[in-house]
Amino acid sequence: MYEGLMLTSQNDVDFMIHGLFSYNFFGQELWITTSHVYLLIVVISLIIFFIVGGQVFRKADKIPGVFQNILELIVEFLDGIVKGSMGRNADGFKNYIGVLFIFILFSNISGLFGLRPPTADYGVTLPLGIITFMLIHINQFRFNSIGSIWKDMCSPLPPWLPIWLPINIISEIAVPISLSLRLFANVLSGTVMMALVYGLLKWIAVIWPAALHAYFDLFSGAIQTYVFCMLTMTYINNAIGEREDVAKEEGI
Amino acid sequence: MEFNESFILGCSAIGAGLAVIAGIGPGVGQGIAAGYGASAVGRNPGAKGDIMSTMLLGQAVAETTGLYGLLIAMLLLFVKPLI
């Protein structure tokens, strides 16, 4: 009766995650879904890319070839954005932010190759947000004393009057949720839009969807990658704060 | 009083349409940010790279509230929590 409302049933519009097979995990039924498979494809191609890149760098030339040139460009760009936004604290985070950037970028643009982007699954972006949350608080406790953290959490009011504490705690918890939801919803909206174009227009959608792909997959994906990494770095840098102990710098 | 499924689905569709109105706010905000970015580039063309990256970062953060509305609409249409 109401099947006309469900786009997925009558037409060919399909952007959902499909379960492949289920298994039993301590009495709980869990599913291996298509987003696991696509995530695996992205990760395996990245691992191959990294292994080949490592081999190239092992016998690097003074006069770089084409592939070595591209790799150096990528590494210099990533190091540059980390250095630009974290300044003195950059050294310990260059590797993590670089890997995060490349992973999210490849996940977002995998829609170009006919995959459903793995980042359009909230189960992929929430762990990324939680890793950022853990990094923020581990670094806060590593570089600040307990007293200054307490003072920071009671921030607008003096530290002996912790009325503002619950509100600050809620705003800390909101950080990973808003980070992950932003990435998820952006990629999902692109995926839904492309599925609608291909599913409802059928033979009319021939060549011109390439422009939509360029916007939704390339431009939007790259912007969201940049924003995720930038916000991660800004939050971590704020949590570290002013460091008096520059002598401890090598121990990040 | 008993409601049948098609009534609930129709109301969910209306609610999804209302939720997407949340896109007005980010549209206005992003436009303002882009306008000020353009005037900043006009005043200081040398700092174009920094202005662009700051503007895009701010716009992407401002977009979040609109995306929350979109998420609510999607939940109402495809997950159908009210049935």
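From a predicted model like this one, the values you see are computed outputs, not experimental measurements. Below, each value reflects all heavy atoms present in this structure, side chains not excepted, and no hydrogens, waters or symmetry copies. So that the names make sense, note that chain A is the first sequence line, chain B the second, and so on, each numbered from 1.
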In this structure, are over 12 heavy atoms from other groups packed under 6.0 Å from [X] atom [atom1]?
{"X": "W208(A)", "atom1": "CH2", "value": "yes"}
{"X": "M74(B)", "atom1": "CE", "value": "yes"}
{"X": "K83(A)", "atom1": "NZ", "value": "yes"}
{"X": "F25(A)", "atom1": "CZ", "value": "no"}
{"X": "I130(A)", "atom1": "CD1", "value": "yes"}

Closest approach of [X] and [Y], non-hydrogen atoms and distance?
{"X": "L70(B)", "Y": "A185(A)", "value": "CD2-O, 4.4 Å"}
{"X": "A60(B)", "Y": "V227(A)", "value": "CB-CG2, 3.2 Å"}
{"X": "E63(B)", "Y": "N186(A)", "value": "OE1-OD1, 3.5 Å"}

Distance check, rounded to the nearest 0.5 Å: [X] atom [atom1] versus [Y] atom [atom2]?
{"X": "Q224(A)", "Y": "L56(B)", "atom1": "CD", "atom2": "CG", "value": "10.0 Å"}
{"X": "L71(B)", "Y": "S189(A)", "atom1": "CG", "atom2": "OG", "value": "9.0 Å"}
{"X": "Y226(A)", "Y": "L57(B)", "atom1": "OH", "atom2": "CG", "value": "7.0 Å"}

inquiry  = Less than 4.5 Å to any heavy atom of chain A: does that hold for the side chain of Q59(B), its backbone, both, or neither?
reply    = neither
